[in-house]
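What follows is a single structure, written as structure tokens, with notes after it.
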Amino acid sequence: MKHLLAVNLALASALLVGTAQAQTIYPLDRAEILAGSRFDLKVEFPGSPAQSAVRVTINGQSAATVARQPETYVEREDGLEHSALWIRGAAIDKPGSYTVEATAGDKSARVTWEVFATPAPKAKNVILFIGDGLSVAHRTAARVLSKGIAQGRYGGELAIDDMPHMALVSTSGTDSLVTDSANSMSAYATGHKSCVNAMGVYCARNKSNLDHPKVETISELVKRLRGMSVGVVTNTEIEDATPAAMVTHNRLRADFNNIVKDFFAVQPDVILGGGTPNFLAKSTPGSKRTDEDDYLKKFHDAGYACVTTNAELAAAKGANKLLGLFNPGNIDGALDRFFLKKGSVAKYPDQPDLTDQVRAALDVLSKNDKGFVLMVESGRIDKYSHSLDWERAVYDTIMLDNAVKVAKEFAGDRNDTLIVVVADHAHGVAIVGTYDDEKSGEMRSRLGVYNQSQFPNYPAPNADGYPDRVDVSRRLAFVFSAYPDSCDNGKPYLEGENVPAVEGATKGTYVANEKNCAAPGAVRRTGNLPFNMNAGVHAADDVILTAMGPGAEQFRGRIENTRVFRAMATALGLAHGAGH
Ligand SMILES: [Zn+2]
């Protein structure tokens, strides 16, 4: 133990010495870059070497020549302890291996990139489904509830499972093992890894969240190169990380105002979700903007049909461009909208289902003969998993499955549409048995494991795959591996989304929500997360990807998340003929 520690310390100090002296080059080492795509090349030099003392080359030639854009140099950038050489909007057309070397005096650093071309297009359209936080246990539970299980066999297949190609996807970012939805979705949207909270940028030392080195998104690429249409559909706020990563270049996912600005700059042809307040001018009641920009008016003036209810969405059939904002916050999940009527359902009774949104999006997007890229997110699987509210998460997994069914019907036998279903990251969740209320006592006495885990007795699902109630006597024991101080009685939260922990006597630390502790049979759990956390957390576990249609054969084995972008770009042939 002592020996190991000494070795680790030596390694750590060697790394520290190395990074303290070296320049940092963005894109980082081992980046995979689509030929012809745009990116900012940035090199950060420690201290303030004169421009004449620094040199950046790509494969031995001047970087500016290879990247086809001029260099700019900023001494003591942002008043910080580094100077920066930038080549903004760089692009490399010829595929191959590129070694970038940055030298200042006797110090040098190097990275190697792979610039890849693509064969001729195989697919005209790509539909990318994201189950935010969708983990193996969510899929299994969705199958149990919507297909049933008897004698160890399921009563049917989920649409998300029933696809010919599958891969395991690793989701870590540039800065940490466990990702968030910003950098993980950014990897799918750009092919570059990024850091927690960042989208469409590498995380450099810039002070402003808008100044970090940018990489081009698939939305920008397909519009610029091919005149294709783009759709961004979610049931969360449209400014939330997953949808935002389709359009934005921002180090800070919470910067909703600039994210809306980027939606307007990129102009996806379909934008559907929640999150109205950041579209409203500051003086409009309910606005969360800090300026007087009225984005509803801007989108309207740019030719968008703007809708706020499911009825209006249906009536907008035939629109060429569509903006739908159906809730100031997130759209309510399937369990609340269809059955429990909690959340904000009473206030917003006519919110669309994700299936309605996908149908409307496909109507608009399929008008473009040049094809489209559509991203569809079932985003509350993640949010409900943070709140340790698995029934809501699983109903939204079934909703995702229904939305994928709509896409499969669209793709039919046309053989021109690649469908990909993947999570951006996992949660630490598992099904360990069933709770049986015919047993007595506290939660632990009612938990059946192994041969005691009798099949649950949820009612047969309706036509959409949803059982009409979750408070049955024999329920899944769907557990969370990471939690704050909390109480649990193994029963569903029928009165509204679970609040596992509340702020305690010490500001910024969280204790169990006593309301849950008062529930009959509840077990009080000492949290295993840091004291400042009030909810469950993401996991670094790999996630499952399934795919069908032209280009889907690229998905197999274990892949990095950046490969999802590469496979989509390859299916669409976005760098076909590059370098010739
Ligand atoms: Zn999350």
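FYI, the numbering just counts along the sequence from 1. Just so we're clear, the structure is a prediction, and the values are computed from it rather than from any experiment. In listed order, ligands and their atoms are each counted from 1.
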Is Lys223 atom NZ crowded by more than 12 heavy atoms from other residues, nucleotides or ligands, each under 6.0 Å away?
-> yes
Do any N or O atoms from the side chain of Asn528 and from the backbone of Tyr483 form a donor-acceptor pair under 3.5 angstrom?
-> yes
N-O pairing of Glu391 and Arg475 below 4.0 Å = no
Quick one: which residue pairs count as a side chain to side chain donor-acceptor pair (under 3.5 Å) with a foot in residues 499-511, not counting sequence neighbours?
-> none
Protein N/O/S atoms under 2.8 Å of the Zn ion (ligand 1)?
-> Asp382 OD1, Asp382 OD2, His386 NE2, His538 NE2
Are the side chain of Thr174 and the backbone of Ser194 linked by a donor-acceptor contact shorter than 3.5 Å?
-> yes
So, Asn327 versus Gln351: side-chain donor-acceptor pair below 3.5 Å or not?
-> yes
